[in-house]
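The structure under discussion appears below in the form of structure tokens.
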Amino acid sequence: MPEPVDAVEMRTALAGLRRTSGLPVAFGGLLSDARHARIAELDGARTGALRGLVISAGSGLGGKAIALARPCAVTDYPVSRHISHEYDTAVAAEGLRSVVAVPVVVRRRVRGVLYGALRTPVSLGDRTFDAAVAAARDVEQALAVRDEVRELLALTQEQAAAGPGAWEDVREAHRELRALAPRVADPALREALLAVCGRLASASGARATPAAAMEVRLAPREVDVVACVAAGATNAAAARQLGLRPETVKGYLRSAMRKLGAHTRLEAVVAARRAGLLP
């Protein structure tokens, strides 16, 4: 089953879909297995008829979108000849007529489905389709980032368990995790991710002395920049990795070097590791 934190991205996307498209109703859910999605999030619904509905691939409008892995729409759901009608009772209870369904596809695998709907039978225009597709893309990107975080965490644990020889790989994973953290929308997951980064930093072979740890306080972005420098990145490369401007990276690095008492990039990396800020 999808983890509860994934619902945060779905709720945000549905609210955005209603706001940008003007559609009065939006709903959706993630797949629990390869062929079934459960409608878990509703925005603008008048009843709870749709909540908990399990959509099978190929059934109804959403099931068709899941099976084809592309957006599908109907002008008048109850009488449409282009879909099956297993879910007519729930749709009728909510009074929906014109509906668009867009699959959430991550790495070529359907992970969920988003719907937008009207209670009148009118043709949905390009603006509505574009808004629905954009909302699905937002969920896709968030899930892709979350997948990458989980994979990196698992890899890091394996590398750390492999012994001292794997620390260069751990350091690279630490840098990638810190770069991903600002892109994680869910605050609980982001906080947990940064906590893991902190544990990685403090677990390295060059352990911080209590005095060094007390003396140095870098801002999160300063740590991100120094982590990129430690991996050999130029200011321009660090900017691309962190989604910042090169001038901004240069400013963070200059500030970090001053706090660390370093005169060169290498000195900054060594000082950050001694302070337990980097693995």
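Within 6.0 Å of the CZ atom in R137, the count of heavy atoms belonging to other residues, nucleotides or ligands exceeds 12. Environment of CZ in R265: crowded, with over 12 heavy atoms of neighbouring residues, nucleotides or ligands closer than 6.0 Å.
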List the steps and the verdict of side-chain contact (heavy atoms from CB on, under 4.5 Å) for V104 and V113.
CA-CA 5 Å; V104 174; V113 61; over 6 Å; no
Might you work through the side-chain contact (heavy atoms from CB on, under 4.5 Å) test for Y87 and S59, ending with a clear yes or no?
CA-CA 8 Å; Y87 313 111; S59 299; 3.4 Å; yes
Run the numbers on L31 and V110 for side-chain contact (heavy atoms from CB on, under 4.5 Å), then give the verdict.
CA-CA 8 Å; L31 269 68; V110 178; 4.1 Å; yes
Please lay out, stage by stage, how R221 and L242 fare under the test side-chain contact (heavy atoms from CB on, under 4.5 Å).
CA-CA 9 Å; R221 272 310 199 187; L242 299 174; 3.6 Å; yes
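Judged purely by atom type and a 3.5 angstrom limit, D33 uses its side chain to pair as donor or acceptor with the backbone of H36. Side chain of R70 to main chain of V102: no donor-acceptor pair is present (N/O by atom type, distance under 3.5 Å, no hydrogens or angles). Using a distance-only test at 3.5 Å, with no hydrogens or angles considered, a donor-acceptor pair links the side chain of K64 to the main chain of H82. The main-chain N or O of S123 is never found under 3.5 Å from a side-chain atom of T75 such that the two would form a donor-acceptor pair. E222 places a side-chain N or O within donor-acceptor distance of the main-chain N or O of A219, the cut-off being under 3.5 Å. T234 contributes a side-chain N or O that, together with a main-chain N or O of A237, makes up a donor-acceptor pair within less than 3.5 Å. Looking at E140, its side chain does come within 3.5 Å of a backbone N or O of V105 through a donor-acceptor pair. Of the possible donor and acceptor atoms, one in the side chain of R18 sits under 3.5 Å from a partner among the backbone N and O of P24. S21 places no side-chain N or O within 3.5 Å of a backbone atom of T128 that could act as its donor or acceptor partner. A donor-acceptor pair is defined here as one N or O able to donate and one able to accept, closer than 3.5 Å; such a pair exists between the side chain of T20 and the backbone of G16.
When each of C72, S84, S80 is tested with L61 by the rule side chain to side chain contact (heavy atoms under 4.5 Å, CB included), just one qualifies, namely C72.
Side-chain contact between I39 and R51: absent, with no pair of heavy atoms (C-beta onward) separated by less than 4.5 Å. The closest side-chain heavy-atom distance from Y252 to D224 is not below 4.5 Å. Annotation: side chain of L278 is in contact with side chain of V226 (closest heavy-atom distance under 4.5 Å). At least one side-chain heavy atom of L253 sits less than 4.5 Å from a side-chain heavy atom of V229. The shortest side-chain heavy-atom distance between P78 and D88 does not fall under the 4.5 Å cut-off. Using a 4.5 Å heavy-atom cutoff, the side chains of L23 and L118 are in contact. Using a 4.5 Å heavy-atom cutoff, the side chains of R274 and L260 are not in contact.
Between A117 and V99, the shortest heavy-atom distance links the atoms CB-CG2, 4.0 Å. Between V133 and P71, the shortest heavy-atom contact is CG2-CG, 4.0 Å.
Using a 30° and 60° split on the angle between ring planes, Y115 and F27 fall in the parallel class, below 30°.
Using a cut-off of 4.0 Å between Lys/Arg side-chain N and Asp/Glu carboxylate O, K250 and E247 are scored as not salt-bridged. Salt bridge E94/R119: present, at least one basic N to carboxylate O contact under 4.0 Å. Ion pairing between D130 and R127 fails under the 4.0 Å rule for side-chain N and carboxylate O.
For the 3.5 Å distance criterion, the side chains of R245 and N235 fail to qualify, holding no donor opposite an acceptor.
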